[in-house]
Amino acid sequence: MTKTRKRIISILLTLIITLSASLTIMITSEAATPEETTGPTEPSITDTPVDLQIGDVTGLKVTKTSTNYISLKWNKVKGATGYTILYRNPAKTKKYGNGKNTVNNSTTISGLGTACQYDLQVFAYIKSSGKMYKGEAAYIRTATNPKKVTGLKLTSSSKNISLKWKKSGVATGYKIYRASAKSNGKYVLYKTVKGKSKNKFTDKSVSKTKVYYYKLKAYKQFGAKVYNSEFSRSVVAVGGLSSVSVSAKSQLSKVSLSWNDIESATGYKVYYATSKDGNYKKLGSTKRNFYTTKKLENGKKYYFKVVPYKTVKDKTINSPKYKTISKTVTNTAFGKSVGDTYIEVSIKEQHMWFYIDGKLYVDTDVVTGNADGYHDTPKGVHSIFSRQSPAVLVGADYRTPVQYWMPFTSSGCGIHDSTWRADWEYGGDTYKYNGSHGCVNTPYSKVTKIYKKANIGTKVIVY
């Protein structure tokens, strides 16, 4: 190598070393510039410097959803000043907005739409020197719930039990829960009805006399996830508890109702009104399949309904269905006018009433003639033709003393006391298997009062 070349190389190396030193001084000077370390006077969110070491949000989960809010919770981030939550409805926008800040590691986002899907993100931040530095966000997708089902009611419970409810405008479908003896009284998911426009269901798997409870949830499905409403109110039904066919007759200013007996019923409630769609008032209840009203206004039309019911653990369950029947009141008996003073005997009711001048004087349960086709008390309009106290009743195979005797048929049927009978025998079904020979057996205390006022000629109407 020549001396000239060595000199040129030496000069070049010197220049390189000099330039490197100058560049190092410039870089160090710029890094220490006060304006950069102080930052802007207004807080802003930026990437986190390495020396602050803010952690990322983990453990983000939904703790509760409702029709208009979503509650979230996540793990605390060490050293975080607070947390920012942003959300969006992906069906409406791609941008996150509507954010909120909190210093806690849980929050509730309210004012949301019903049965809507939402994307949410949560990140921690640190405030330092007027700036806010954020960590990595955690993301979650969830949804609000549909509103609970309203208007749930029973429409039938004869062979099947039918339900109906108000439609939901947003639900994907409905979940029907049933409780019965088969499920040990616990509600279990029984049937899923798909389609928001479907609001009816008929349960065909029911047994007569068995009790069934129902309640519903509306549900909204997003992909594989399902969001349920709260439970609706519950309804209860009895298999076979449905409407009965009612017939009506009127005489003596009363209406006598009768209907078919049904196995599932404990008893029947009787109501009446003065118009078909009027205000129905309860007349009474009976465990039999007939009922005679109190005296009503002669010549007036009344409407009646008979509602079967079942009593379960002191709770009354009514049939959801009933039929209405009307009847115009008449004051005659067997087509005859009987005036305002008479004795009325109902064989079905096993009851007797004594009216004087249109006012009830005394009424009582009785036992009428044995229902065997031979000893039945004769129906029709009769009259008392004799009064005796005391008296002895004589028949082919009996001789019975009584205190009061008021015969009203030539065949020997009349009203008398019957002290040999127990109290429980009156007013029931005794006449079907242990009735009289055709007379009206009456409790002693009641027949005493009747004998005082019943005269020869007093009408006795038996039906």
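What you see is a predicted model; the values in this text were computed from it and never measured.
- The cationic group of K175 lies under 6.0 Å from the six-membered ring centre of Y219 and within 45° of the ring axis, placing it in a cation-pi geometry.
- Using cut-offs of 30° and 60° on the angle between ring planes, the pair Y451 and Y404 is tilted.
- A donor-acceptor pair under 3.5 Å links the side-chain atoms of R233 to the main chain of L152, judged by distance alone.
- Separation of the Y177 and F231 ring centroids falls under the 6.0 Å cut-off.
- Using modelled atom types, one finds a donor on one side chain and an acceptor on the other under 3.5 Å when comparing S258 with S247.
- Residues satisfying the side chain to side chain contact (heavy atoms under 4.5 Å, CB included) criterion with T368, sequence neighbours excluded, are V345, I347, Q350, V366, T377, Y431.
- Side chains of T292 and S346: no donor on one and acceptor on the other come within 3.5 Å.
- Cation-pi check for K305 over Y322 is met; the charged atom lies under 6.0 angstrom from the ring centroid and within 45 degrees of its normal.
- One side chain, T108 or S71, offers a donor N or O that lies under 3.5 Å from an acceptor on the other.
- Note that K191 lies outside the cation-pi zone of F201, set by a 6.0 Å cut-off to the ring centre and a 45° limit from the axis.
- Between the side chains of N145 and T65, a donor-acceptor pair is found at a separation under 3.5 Å.
- For the residue pair Q251/T332, the side-chain donor-acceptor check at 3.5 Å is not satisfied.
- Between Y355 and Y342, the angle of the ring planes lies from 30° to 60°, which puts this pair in the tilted group.
- Remark: K210 is not positioned above the aromatic ring of Y212, lacking an NZ or CZ atom under 6.0 angstrom from the ring centre and at most 45 degrees off the axis.
- Here the options are I140, I85, N105, the test is side chain to side chain contact (heavy atoms under 4.5 Å, CB included), and the partner is L60; only I140 passes.
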Please determine whether side-chain hydrogen bond (donor to acceptor under 3.5 Å, both in side chains) holds for the pair K159 and S156, giving the CA-CA distance in whole Å, both sets of side-chain angles, and the decisive distance to 0.1 Å. CA-CA 9 Å; K159 292 182 179 179; S156 176; over 6 Å; no
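- Taking the six-membered ring where tryptophan is involved, the planes of F354 and Y361 are perpendicular, since the angle between them exceeds 60° and thus also 30°.
- F123 carries K134 over the face of its six-membered ring, with the cationic atom under 6.0 Å from the centre and within 45° of the normal.
- With hydrogens and angles left out, the side-chain atoms of N101 and T84 include a donor and acceptor closer than 3.5 Å.
- Qualifying side chain to side chain contact (heavy atoms under 4.5 Å, CB included) partners for K147, counting only residues two or more places apart in sequence or in other chains: T67, T114.
- For W259 and F290, the ring centers are positioned 6.0 Å apart or more.
- With hydrogens and angles ignored, the 3.5 Å screen pairs a side-chain donor or acceptor of S275 with a backbone N or O of G278.
- In this view, K254 and E344 satisfy the salt bridge (charged side-chain N to carboxylate O under 4.0 Å, His left out) rule, not counting sequence neighbours.
- Taking the six-membered ring where tryptophan is involved, the planes of H437 and Y398 are tilted, since the angle between them lies from 30° to 60°.
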